[in-house]
A.B. asks: 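Here it is, the structure, as structure tokens.
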Amino acid sequence: MTKKTIDWTLFRKVLDHTADEKEQAEFEKWLHSDPRHREYYERARRFYAGESAEPLPLDETFAALKTRLEMHDRPKPMYRRRSYYGIAAAVAVLVVLSCFDWHRDNAGAAMDRVCYELARDYAPATDKARLIVDGDKCYDLHGDESLSIDVRGGHIERGDDNRLVYTADAEAEVVQNRLSVPRGGYYSVLLEDGTTVHLNAESELVYPSAFSKDVRTVSLVGEAYFDVAHDAGRPFVVEVNGYSIEVLGTQFNVTAYADERICRSTLVEGSVRIVPDSGRDGEEIVLTPGEQVVHETGTDTFSVARVNTKVYTAWMDREFVFENTPLSEALRIVSRWYDFRYDITDSDLEKYTFTGQISKDGGLDYLFRVLYEAHMPIVLRYEDGVLYVDRR
């Protein structure tokens with residue numbers, strides 16, 4: 001049976017010349033299965049290369065999105081106790097074979113042009129960071145450059161998988177490290193105790209090159225996923241704005257950005273104890289797998305809810321997963337990954353929410369095409385490096 005569908009992420013890889021041998025073979029099989037596939041590809045190639053101003057047929061291309069994007073006319077609470085349920089499947093594209101009607105209305109044509117500019121100017125995040133050792137030694141980490149540093153009683157190197165790896169001997173001194181990941185980046189570090197920390201874009205982790213003998217303490221601003229090595233004699237403590245997270249060995253995600261009023265700690269495996277900094281008379285909160293604690297910074301307010309953990313950990317698999325997510329929150333997340341500036345010009349748009357799962361490597365233009373074809377009432381303007389999201 002002739003295959004009529006193609007994953008848009010694969011389509012983009014071919015256009016960007018980044019498809020591997022297996023992906024290229026899959027694309028070639030689709031391309032040669034129908035003459036109209038080649039016609040569509042040639043139009044897309046010329047459009048993305050800037051050789052043609054003719055807009056792509058988005059009405060048809062996204063006519064059969066294989067995801068559920070649920071649009072709502074009123075805001076829904078972001079945090080409430082609810083059961084786990086499956087989220088929409090990854091987005092795919094159906095190339096319609098019946099006809100190629102290239103007529104678009106003015107809003108659609110403008111959307112096409114902005115999407116072309118977004119594809120040209122913004123790429124998905126890459127592994128890059130800045131490491132500051134002992135307060136004054138600075139190292140930029142990017143690409144395939146090697147790194148090998150001796151610190152008092154220990155060693156830091158960049159492994160084959162581009163993550164930082166720390167080792168220390170029994171007499172190692174405590175040397176403070178600061179690992180900063182910019183917008184448009186991500187990075188991982190293997191601490192000397194065997195704990196792995198994955199840092200999301202615009203995040204910073206402060207930690208010693210060697211932990212003390214009684215406790216393992218780090219501090220975080222931004223978002224990170226922790227896979228903590230078990231050590232019954234040394235609790236692992238993550239300090240964020242307003243509270244600490246204490247564990248012996250477990251996996252959890254922490255979101256604590258400086259520009260957000262909400263901090264979230266989501267437990268995937270094991271058990272963690274939440275210890276407020278002050279104001280609760282020493283009261284502690286113990287989480288079980290699948291639970292999340294939400295803290296409103298600057299207050300003594302903490303709440304616990306059962307959540308779909310994939311929504312908060314999917315970034316580790318290079319995916320955006322949204323679950324009744326307001327547009328304002330979604331754009332804040334996406335802008336960190338692609339490092340772009342934006343402005344929602346109509347506050348009413350912020351009340352729209354949607355649900356779906358989209359590859360983080362599909363391209364910024366792809367994300368907005370999906371929103372547009374899912375009837376999100378938006379129109380885009382891209383001026384002086386700022387993406388303006390207007391109401392249509």
Side-chain angles (χ1 to χ4, degrees), residues 8-9 12 44 47-48 53-76 78 87-88 90-94 102-124 183-184 259-260 311 319-392:
W8 184 253
T9 301
R12 279 293 309 277
F47 180 75
Y48 275 93
E54 186 176 40
L56 293 175
L58 297 185
D59 328 62
E60 298 174 346
T61 304
F62 290 92
L65 286 170
K66 291 184 179 179
T67 187
R68 191 180 73 254
L69 291 172
E70 300 172 343
M71 313 307 303
H72 305 279
D73 288 329
R74 61 182 184 279
K76 291 191 175 182
M78 286 186 289
I87 201 162
V91 176
V93 178
L94 174 66
W102 301 98
H103 174 72
R104 298 279 288 164
D105 58 21
N106 290 336
M111 190 75 166
D112 290 340
R113 177 52 55 191
V114 171
C115 283
Y116 163 72
E117 294 171 341
L118 295 178
R120 177 195 64 197
D121 293 350
Y122 299 101
R183 294 167 65 86
D259 61 349
E260 295 185 5
V311 174
E319 293 181 340
F320 294 116
V321 173
F322 301 115
E323 185 182 69
N324 294 325
T325 304
L327 178 63
S328 56
E329 181 179 343
L331 289 186
R332 190 162 58 243
I333 293 170
V334 173
S335 69
R336 292 190 183 112
W337 186 254
Y338 284 97
D339 188 17
F340 70 94
R341 294 182 295 155
Y342 69 93
D343 182 15
I344 302 177
T345 60
D346 189 330
S347 60
D348 285 345
L349 288 174
E350 298 183 6
K351 70 185 179 181
Y352 284 89
T353 67
F354 53 95
T355 294
Q357 179 174 320
I358 304 173
S359 170
K360 298 178 80 169
D361 296 319
L364 183 58
D365 58 317
Y366 175 41
L367 175 66
F368 281 105
R369 290 179 190 277
V370 170
L371 295 181
Y372 182 79
E373 291 302 320
H375 306 295
M376 174 75 79
I378 62 173
V379 62
L380 305 181
R381 289 182 293 123
Y382 185 51
E383 301 173 0
D384 299 323
V386 179
L387 180 64
Y388 294 93
V389 183
D390 302 324
R391 188 182 186 91
R392 61 165 166 160

A.B. asks: Measure the CZ-CG distance between Arg332 and Leu327 for me, rounded to the nearest 0.5 Å.
C.D. replies: 10.5 Å
A.B. asks: CZ of Phe340 to CG of Leu118: how many Å apart, nearest 0.5 Å?
C.D. replies: 7.5 Å
A.B. asks: Quick one: do Asn324 and Thr353 satisfy side chain to side chain donor-acceptor pair (under 3.5 Å)? Show the steps, please.
C.D. replies: CA-CA 5 Å; Asn324 294 325; Thr353 67; 4.5 Å; no
A.B. asks: Looking at every non-hydrogen atom in both residues, tell me the closest pair between Tyr338 and Gly362 and how far apart they are.
C.D. replies: OH-N, 4.1 Å
A.B. asks: Determine the interplanar angle of the Phe322 and Phe320 rings, folded into 0 to 90°, and report it as parallel if under 30°, tilted if 30 to 60°, perpendicular if over 60°.
C.D. replies: parallel
A.B. asks: Please find the pair of heavy atoms, one from Phe368 and one from Cys115, that lie closest to each other, and give the distance.
C.D. replies: CB-SG, 4.4 Å
A.B. asks: Considering residues at least two apart in sequence or located in another chain, which fulfil the salt bridge (charged side-chain N to carboxylate O under 4.0 Å, His left out) criterion with Asp346?
C.D. replies: none
A.B. asks: Work out which heavy atom in Val389 is nearest to a heavy atom in Leu349; give both atom names and the distance.
C.D. replies: O-CD1, 3.9 Å
A.B. asks: From Glu117 CD over to Tyr122 OH, what is the distance, rounded to the nearest 0.5 angstrom?
C.D. replies: 10.0 Å
A.B. asks: Are Lys360 and Val334 close enough, and set up right, to give a side-chain contact (heavy atoms from CB on, under 4.5 Å), and what steps lead you there?
C.D. replies: CA-CA 9 Å; Lys360 298 178 80 169; Val334 173; over 6 Å; no
A.B. asks: Measuring from Asp348:CG to Arg391:CZ, what's the distance to the nearest 0.5 Å?
C.D. replies: 5.5 Å
A.B. asks: Let me confirm one number: the CZ-CG distance from Arg120 to Leu364, rounded to the nearest 0.5 Å.
C.D. replies: 12.5 Å
A.B. asks: With sequence neighbours excluded, tell me which residues meet salt bridge (charged side-chain N to carboxylate O under 4.0 Å, His left out) with Arg183.
C.D. replies: Glu202, Asp339
A.B. asks: Arg381 and Thr345: which non-hydrogen atoms are nearest, and at how many Å?
C.D. replies: NH2-CG2, 3.9 Å
A.B. asks: If you compare all heavy atoms of Leu380 against all heavy atoms of Val114, which two are closest, and at what distance to 0.1 Å?
C.D. replies: O-CG2, 3.5 Å
A.B. asks: Taking only residues two or more places apart in sequence or in another chain, which ones pass side chain to side chain contact (heavy atoms under 4.5 Å, CB included) with Arg341?
C.D. replies: Val386
A.B. asks: What distance separates Leu371 CG from Ile378 CD1, expressed to the nearest 0.5 Å?
C.D. replies: 5.0 Å
A.B. asks: Please report the shortest heavy-atom distance between Ala330 and Thr325, naming the atom on each side.
C.D. replies: N-CG2, 3.8 Å
